[in-house]
Structures are given as C-alpha cells and as structure tokens.
Amino acid sequence: MNPLNPVEFRRQGHMVIDFLADYYENIEKYPVRSHVKPGYLFQSSPDCAPMYPEPIEAILKDVQKDIIPGITHWQSPNFFAYFASSANTASFLGEMLLNGFNVVGFNWASSPAATELEILVMEWLLKLLQLPQSFSTSSDHGGGVLLGTTCEAFVCTLLAAKEKTLDQIGRENTEKLAVYCSDQTHFSFQKSAKIIGIKPENVRQVVTNRTTNFELSPESLDEMIKRDLEDGLIPIYLCATVGTTSTTAVDPLGSLCEVASKYNMWVHVDAAYAGSACICPEFRHFLDGVEGASSFSFNAHKWLLPNLACCCLWVKDKSSFTKPLSTTSELIANKTTESGKVVDYKDWQISLARRFQALKLWMVLRSYGTIALREYIRKHVKMAKDFEGLVNMDSRFEIMAPRYFSMVCFRVSPYAISQHHDNDHEANEFNQMLLELVNATGRVYMTHSVVGGVYVIRFAVGATLTEDRHVKMAWELVQGQATSLLGTPTPNSASNVQSSKQIEGSIST
C-alpha cells in the first residue's frame, strides 16, 4: 500500500468532494441539532480497528449512516445557536492545500512561505480593521499571529502580563496577582487564568446590569481595583470585550484603557465574534479606543469565512509577549534566526509545531475581496434586524438587549405569561420550555443565556447558507410554539398586519 499514491488520491479525493457537495445540497433535510443518545456510535461500530484496508466507498457509506446522524449541523441555514462557525469553498480549498503540503512552520527556516504569508495576511487585516500602527509587524515593537482560538490568545497574553510583572516585583508575589473582567466576559477567560496560575478568587468580575446594556463600567472597575489594592492584591490585566457572548454588549474601550493605564495593567480586547464586523466602516466605531490596548484578538472563523480554527491576535510589545513563550535548541538553530531579521512563530504560541493557517485565510481574502466580505456581514446584520422587527410586532415578546450586530436576545415577557408581570422565575421556566420545544422540532437550533438572572433566547444569524426565508420560518416556529404554550391567539391587530407586510417586504427585497 502506498499512502500517497497520486492516482488513488485523485480518485478518492473526487469522491470526498462529491460527498461534501451532496451534503451541502441536502443539509436542510437533516435535523439541525443531533438527536442521538449518548453512546450511540459504540453500538454500531466494531470493538477494534480493522486488520486490513477497507475501501473508501465503504467508509463513506458509514459516514452517511453513522456519523452524519451524530452531527449538529453548524453549517445548516437554520443554525441560529451560539455563534456560527463560517465555511466556504475558498477556505475548504485552502485547508486542502495546507493539509496537502503538511509543513510544520515553527520557525522561518522550516518553511519561509508559512511565516511570511502569515505576516502578510495579518497586515492586510490590520489595515481592514484600521488597527493602530503600533500593532503592526512593520513597527518597532508590534506584530500579529494566527492562533487557534480566543482561549489561546487569553493564555498567551495573560502569561505575558504575569511574567512582565513578576520580573519587576519578584516571584514571591505570584499569589497576589489579580486580573479583571466583567461578568459578561467569556468563561474561557477564567479557564485561561487558571492555566497560567492565577488564583480563582483573584479573577475579579465587575457586575454589569441591563440599565447600562451589560457594559463593563470604568467607574466600577476603578473602585474594585482600589479596594483590591488596599487588600494587598496587584492588578496586572484587564479583559475588555467587543461583542459579548450572551448579548453582544460592547465595553467602552477608551475609558477602560484609561483606568487600566493608571495601574500599569495589560489590556486585552476580545472581539472574538464582533471583530469581523468592524471591517465595515459603519461598525468600526465599536473599536474606538483600541489604541490604548496592549493586545487585540478576534476569531475570523466566526464570521469572516475561514473555517475553524482561525484566531487573529495582535500585540504592541512583542518582546514582552514572546519572552515567556520562547524556547530554543541546537536542533533548530539557523543563521536566519540568529540574524534577527525573521519572525519565528514558535515563540508566539503555546506549542512548538504549527499549521500553515495563513494559506486558507489568504485564499478567502483573495477569493472574495473586501467588498464581498462586507456585504456578506451586512446581509446577516439585516436579517437579524428583520427578525428583531418581527419580535417587536408581537406584544407578547420583548427584546432583552440592544442588537448591535447579527444577534437578537428576546423572550416571552412575564406579563404575557401571567398577570404577575414581575415574576421573572416563572418567565424563565416558560422561556426555557419554549426553547426546548422549538429545538425539539429539528427545524432550527437556537441557544440561550442567563443575564441578570433572566433567561433569554439568543437568535444568532451567521451561517453561510442562511437566507431571509430561513429567518422568517424560524420566527413563525417560535411564534407558533409560544401560542400553543400560552393558549392565546397570535396578535393580529390591523397595525400588526400592516407591520408584518412591511417586514415581509423588507425581507423579500
């Protein structure tokens, strides 16, 4: 058997491409969320690996029979859960190329194209996002790197902030270090802080509330830091968010950076979801103040079309960033590294080995171009805006947070459920039941969050294949299930009918 037989690779490759093309043609026929039971795959699979080769035809049959039923179809046009993981032809082909080349680009010498293309696409994105020049590789101190996920960006920047501080104050103070975020910051931040040795009680969360749209308050942050200093803690790091997971809230970057600068803290801006939208001029203002940050990251795989995983991170002080991550050995010593004229990305991440990630991002940027990518994002935002309009037309529902991008947070209001309209506990149980019924149909998939003690349903538009008709169908499904649970007719006043026609006209155009 030749594992790299070009003839067989060509034959099998065509079969897999055809299989995937058929999958996307039929993706709407599958329940969006998998309904299999735990352990289902073990019941249909052999107890051990085969002793002899099996034909690709048989393997693909089992993919269809056993694997696809266990997939939650993130690329379904009716996937409105979490945040979407984008996909497209250019990224698929880029993945084929980078997997086919299979280079290990830990330093420049190990594969110069992998390093230089990464620098290039990070510079392209920096300009698209209008990030400050201090983040650019062309500056004296800044630079960008492609990681897998936001959690990796957290770990690396937290480690940089920790080590920089301990170098100054002594390592005996490790247990006094404190890092800051809001109660809306992604939960992976706490995991990342734990990984680098920050005491759990020293991960300080500033409480947010609905009256301020769940933004992190600079005044509350300053007050918390002052109290912590009195208690002997040492503040080293602040995480601010552009587009929180629960509600897509946007923290006031400029004011937060001003507070953090008083205490010489590292400020990281996490724009995992919403960063992609900021390539559109009308959304760029959400990044105002980022020039005061120490680092910035976003997940291009969430909304900019490269598939998972593709997190873009920029830092202002690459020396502080790479120092705790740097490693060397005579095995990888070379003249280009010693010259100081190249970037060795092994020193910008946790692991040594790294994939040729830049190739798929480069192919996406070239295949679609800035104009098409902006229109792709705007299309999703418009569909979310239309959904929001449909929710507002039904007096039984209420919007629970401002819609800044392409996600709508809503619920059936307590007043519609009971005359005791201040009973959030009853409303929480009702909306949880509503969401479970909607998802059980298999026709759509949505997820929830709890903010300020209130259960909200999240409707996140972002799947590549989603069209207006899918949004309209999803709303009709939610509305119908709510009507069944409430036992009351769907509101159908003259004003609602007229508004409905206006929305449908907007969707159809």
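Start at 1 with the first residue, then count along the sequence. Values reported hereafter were calculated over all heavy atoms of this structure, with side chains retained and with hydrogens, waters and symmetry mates removed.
Within 6.0 Å of OH on Tyr40 lie more than 12 heavy atoms contributed by other residues, nucleotides or ligands. Atom CE of Met96 sits in a sparse spot, with 12 or fewer heavy atoms from other residues, nucleotides or ligands closer than 6.0 Å. Atom NE2 of His35 has more than 12 neighbouring heavy atoms from other residues, nucleotides or ligands inside a 6.0 Å radius. Within 6.0 Å of NZ in Lys65 there are more than 12 heavy atoms belonging to other residues, nucleotides or ligands.
Looking at heavy atoms from C-beta onward, Thr245 lies out of side-chain contact with Phe187 at the 4.5 angstrom threshold. For the pair Phe410 and Val478, the minimum side-chain heavy-atom distance is below 4.5 Å. Side-chain contact between Asn88 and Val364 is present, with heavy atoms from C-beta onward closer than 4.5 Å. Annotation: side chain of Pro132 is in contact with side chain of Val290 (closest heavy-atom distance under 4.5 Å). Side-chain contact check for Leu117 versus Leu359: some heavy-atom pair is nearer than 4.5 Å. Residues Leu325 and Leu159 meet the side-chain proximity criterion, which asks for heavy atoms closer than 4.5 Å. Two residues are said to be in side-chain contact when any heavy atoms from C-beta on lie closer than 4.5 Å; Tyr23 and Ile68 meet this criterion. Taking 4.5 Å as the limit, some side-chain heavy atom of Met407 sits within range of a side-chain heavy atom of Arg458.
When all heavy atoms are compared, the tightest approach of Thr464 to Gln75 is OG1-OE1, 4.3 Å. Closest approach of Pro402 to Thr248, counting heavy atoms only: O-OG1, 4.3 Å. The two residues Cys310 and Gln357 have their closest heavy-atom pair at CA-NE2, 4.2 Å. Contact detail for Pro77 and Glu28: the closest heavy-atom pair is CG-CG, 3.4 Å. Across all their heavy atoms, Leu352 and Gln349 have their closest contact at O-NE2, 3.3 Å. Between Cys257 and Gly289, the shortest heavy-atom distance links the atoms SG-O, 3.8 Å.
No side-chain N or O of Ser85 forms a donor-acceptor pair with one of His301 less than 3.5 Å apart. Of the N and O atoms on the side chains of Asp317 and Ser319, not one donor lies less than 3.5 Å from an acceptor on the other residue. With no hydrogens or angles considered, a side-chain donor-acceptor pair links Ser188 and His186 at under 3.5 Å.
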Review point. How far apart are the C-alpha atoms of Tyr445 and Ser76, what are their side-chain angles, what is the distance that settles it, and do they pass the side-chain contact (heavy atoms from CB on, under 4.5 Å) test?
Key: CA-CA 9 Å; Tyr445 185 30; Ser76 169; over 6 Å; no
Practice item. Check the pair Lys323, Asp167 against salt bridge (charged side-chain N to carboxylate O under 4.0 Å, His left out), reporting the backbone distance first and the verdict last. Key: CA-CA 11 Å; Lys323 184 179 178 181; Asp167 283 346; 3.2 Å; yes
Practice item. Take Glu215 and Thr244 through the side chain to side chain donor-acceptor pair (under 3.5 Å) test and state the conclusion after the steps. Key: CA-CA 9 Å; Glu215 296 176 6; Thr244 59; over 6 Å; no
Practice item. Begin with the C-alpha distance, continue with both residues' side-chain angles, and end with the deciding distance and a verdict on side-chain contact (heavy atoms from CB on, under 4.5 Å) for Leu238 and Leu256. Key: CA-CA 9 Å; Leu238 167 66; Leu256 290 171; 4.0 Å; yes
Check your understanding: Could you go step by step and tell me if Phe19 and Asp22 meet the side-chain contact (heavy atoms from CB on, under 4.5 Å) rule?
Key -> CA-CA 5 Å; Phe19 183 91; Asp22 289 341; 5.8 Å; no
Exercise for review: Evaluate the side-chain contact (heavy atoms from CB on, under 4.5 Å) criterion for residues Leu216 and Thr241: first the C-alpha distance (whole Å), next the side-chain angles of each, then the deciding distance (0.1 Å), finally the verdict.
Suggested key: CA-CA 9 Å; Leu216 199 168; Thr241 308; over 6 Å; no
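Screening Arg354, Lys360, Arg355 for a salt bridge (charged side-chain N to carboxylate O under 4.0 Å, His left out) involving Glu118 leaves a single residue, Arg354.
Aromatic ring pairs are classed by plane angle as parallel below 30°, tilted from 30° to 60° and perpendicular above 60°; the pair His380 and Trp303 is parallel. In this pair, Phe459 and Phe80 present their aromatic rings parallel. The plane angle is below 30°, not in the 30 to 60° band. Ring planes of Phe283 and Phe405: tilted class, angle from 30 to 60°. Between Tyr237 and Trp266, the ring planes are parallel. Angles under 30° get that label, and only those over 60° would be called perpendicular. Between Tyr82 and Trp74, the ring-plane angle classifies as parallel under the 30° and 60° cut-offs.
Put simply, OG1 on Thr327 and CZ on Phe106 are 11.5 Å apart, with the number rounded to the nearest 0.5 Å.
No donor-acceptor pair under 3.5 Å is formed between the side chain of Ser45 and the backbone N or O of Phe42.
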Donor-acceptor contacts, no H, no angles, side chain residues 10-17, under 3.5 Å, sequence neighbours left out:
| residue | atom | partner | partner atom | Å |
| --- | --- | --- | --- | --- |
| Arg11 | NE | Glu8 | OE1 | 3.4 |
| Arg11 | NE | Glu8 | OE2 | 3.1 |
| Arg11 | NH1 | Glu57 | OE2 | 2.8 |
| Arg11 | NH2 | Glu8 | OE2 | 2.5 |
| Gln12 | NE2 | Glu8 | OE2 | 2.9 |

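Checked against the 6.0 Å centroid criterion, the rings of Phe286 and Tyr404 qualify as a close aromatic pair.
In this structure, Lys379 does not pair ionically with Glu467, as no charged nitrogen and carboxylate oxygen lie closer than 4.0 Å.
Pairs passing the salt bridge (charged side-chain N to carboxylate O under 4.0 Å, His left out) check and including a residue from residues 178-199, sequence neighbours excluded, read Lys199-Glu201.
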